[in-house]
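To find a chain, count down the sequence lines: A is the first, B the second, and so on, and within it residues start at 1.
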Amino acid sequence: MSKEITSRQQDYSQWYNDLILKGGLADYSAVRGCMVIKPYGFALWENMRDVLDKMFKDTGHVNAYFPLFVPKSLFEAEETNAEGFAKECAIVTHYRLKADPNIKGKLIVDPEAKLEEELVVRPTSEAIIWNTYKGWIQSYRDLPILVNQWANVVRWEMRTRLFLRTAEFLWQEGHTAHATKEEAIIETEKMLDVYADFVENWMALPVIKGIKTPNERFAGADETYCIEALMQDGKALQAGTSHFLGQNFAKAFDVKFSDMHNKLDYVWATSWGVSTRLIGGLVMAHSDDDGLILPPKIAPTQVVIVPIYKGETEKNLIDEKVNSIIQQLKQLNIRVKYDDSDNARPGWKFAEYEMKGVPIRIAIGARDLANNVAEIARRDTKEKTSVSLDGLSNHIQNLLQTIQQNMFDKAKAYRDEHITNANTWDEFLQILDNKTGFVNAHWDGTPETEEKIKELAKATIRCIPLNNKQEEGICILTGKPSKQRVLFARAY
RNA sequence: CGGGAGGUAGUUCAGCCCGGUAGAAUACCUGGUUUGGGACCAGGGGGUCGCAGGUUCGAAUCCUGUCCUCCCGACCA
């Protein structure tokens, strides 16, 4: 089968879908809006998860697990949060099926098995967790609580897209409780830094750290911090969020503690999360018309070796050499795969592993053995070189680092070129329509103007960058005075 | 949720208008020749035509319903 990939220029959306499906990351399923994450895609997620998990633990967090279901009465306790998610909740109303009396072999919902109280399938877990924390916290000595959970959540989205927006998705959600506001804000910012560190240094994807406007804030938060990335089509993607929840949930669930002077106060909270959506961002930011390009640090397979041989004798000689190469690479903790399957010829394998985004391909044949070399091909640049087998493993190790860095540099150069100042409304629209990317523009600071801009230009304020430069200016829409530029973009 | 397109072999699709024994390419299996950018020859297996009803002597084809997918929009922290 020839797996033709639609080019980005021809149809960007289709290109994206082709990469996910033909690259073997995921499949559609029989369930509306839900995808199957295939082994290759899940291996990628596992690598991301393992790195993040270690980062969380290194910053003092521990893992726990809370229920999938949230009783409706708990869910509605924090009103802002509940209202924000109400429209996209799946709800369990019954607990039993029974044989359909009219059609043999079919089942119907047993009307007698209606739940006293409906259960909401979590779209996020603040409610069930804060209901639990109430029982864990009495004194300042019980704080802070630094808990993370790896889980699935369900948000009944109108329109879904593989990885970027699915009805069910995998994520982690950190939920912390603190004695002081200052400590909670420090935690919120610390976790934002962890996300930025991960996305930039492991996924090779540059991000802008900032805070959301009240309009775009997480329902129930006092402040939402975010990291924003830029995709190759010039649209922005929210890659992670970290929320300062104030005392909102503590008040909703009556979680108080005694401080060291025996004074009662509500607990301060944060929550933060990243999801499988990151995979969508990874795909869109780095890949090309030949397939995926995965950053070496998280690629399931970092190096693939393809043998080229005529006959059994040559194959045996190559096997012997390759086995020693594999041993050397494994000693350096490099994830290597030897594809000596005989049902595909080398050319087919080359194309296949390019599609799957394996960072480095080693091709080795009799000709190479005679010269004590191997052909090394980089996925990111498509560059091929002949490299001596002596010291090959060190060369590969260095090359993996070079590729990782090159991918980041390339993405960053593209991102930096696509942050443009706009001083007038016409200029603003012009940039969004033609150049695309982030537009840095003055805004009068009102939710009404933000809403109006969204309606007219289909662009939202992605964030107000941290440590944003302060400068006098006038709002691009209303002409009212403004103290700083904010980052707008069309977004996923 | 609105508009458009689609669901037939593992995959990509033809057949449908005009009802009458389900096709092609590719993939797969066997044997052989091959192997430095998606190999070739010969033989072979594989589909309740998304699902459920209806019309009919007969339905992939006509009708109704329903599920799923894609694209555009609305929605979306």
> Separation of A:Asp342 atom CG from B:G31 atom C1', in whole Å?
Replying inline: 14 Å
> Taking atom P of B:C76 as reference, at what distance in whole Å does atom NZ of A:Lys235 sit?
Replying inline: 15 Å
> With both distances under 3.5 angstrom, what nucleotide forms a Watson-Crick or G-U wobble pair with B:U21?
Replying inline: none
> Which residues pass the side chain to side chain donor-acceptor pair (under 3.5 Å) test with A:Tyr195, sequence neighbours left out?
Replying inline: A:Gln172
Would you tabulate the pairs of protein nitrogen or oxygen atoms and nucleotide nitrogen or oxygen atoms of nucleotides 69-73 of chain B closer than 3.5 angstrom?
unit_1	atom_1	unit_2	atom_2	d
B:U69	OP1	A:Gly33	N	2.6
B:C70	OP1	A:Tyr28	OH	3.2
B:C70	O3'	A:Asn17	ND2	3.2
B:C71	OP1	A:Asn17	ND2	3.0
B:C72	OP2	A:Arg159	NH2	2.4

> Once the angle between the rings of A:Phe169 and A:Trp171 is folded into 0 to 90°, is it parallel (under 30°), tilted (30 to 60°) or perpendicular (over 60°)?
Replying inline: perpendicular
>> Tell me if the side-chain of A:Glu354 makes a donor-acceptor pair with the base of B:G37, cut-off 3.5 Å, by modelled atom types.
In response: yes
> If pairing requires Watson-Crick or G-U wobble contacts with both distances under 3.5 Å, which nucleotide is the partner of B:A42?
Replying inline: B:U30
> Who does B:U66 pair with, Watson-Crick or G-U, both distances under 3.5 Å?
Replying inline: B:G50
> Who does B:G2 pair with, Watson-Crick or G-U, both distances under 3.5 Å?
Replying inline: B:C72
>> Counting only Watson-Crick pairs (N1-N3 plus N6-O4 or O6-N4) and G-U wobbles (N1-O2, O6-N3), all under 3.5 Å, who is the partner of B:U61?
In response: none
> Does B:A9 have a Watson-Crick or wobble partner in any strand here, with both distances under 3.5 angstrom, and which is it?
Replying inline: none
> Ignoring hydrogens and angles, does a donor from either the side chain of A:Arg361 or the base of B:G37 sit under 3.5 Å from an acceptor on the other?
Replying inline: yes
> Is there any ring-ring contact (aromatic ring centres under 6.0 Å, His included) pair reaching into residues 207-233 of chain A, and which pairs are they, with sequence neighbours excluded?
Replying inline: A:Phe85-A:Phe218, A:Phe218-A:His243
> Given atom CG of A:Asp27 and atom P of B:G10, what is their separation to the nearest angstrom?
Replying inline: 14 Å
> Relative to the ring of A:Trp15, is the ring of A:Tyr12 parallel (under 30°), tilted (30 to 60°) or perpendicular (over 60°)?
Replying inline: tilted
>> Side chains of A:Gln238 and A:Lys212: any donor to acceptor distance under 3.5 Å?
In response: yes
> Are there more than 12 heavy atoms of other residues, nucleotides or ligands under 6.0 Å from atom NZ of A:Lys452?
Replying inline: no
> For A:Asn467, does the CG atom sit with more than 12 other heavy atoms under 6.0 Å from it, leaving out its own atoms?
Replying inline: no
> Does B:G36 have a Watson-Crick or wobble mate here (both distances under 3.5 Å), and if so which one?
Replying inline: none
> Whom does B:U55 pair with, Watson-Crick or G-U wobble, provided both distances fall under 3.5 Å?
Replying inline: none
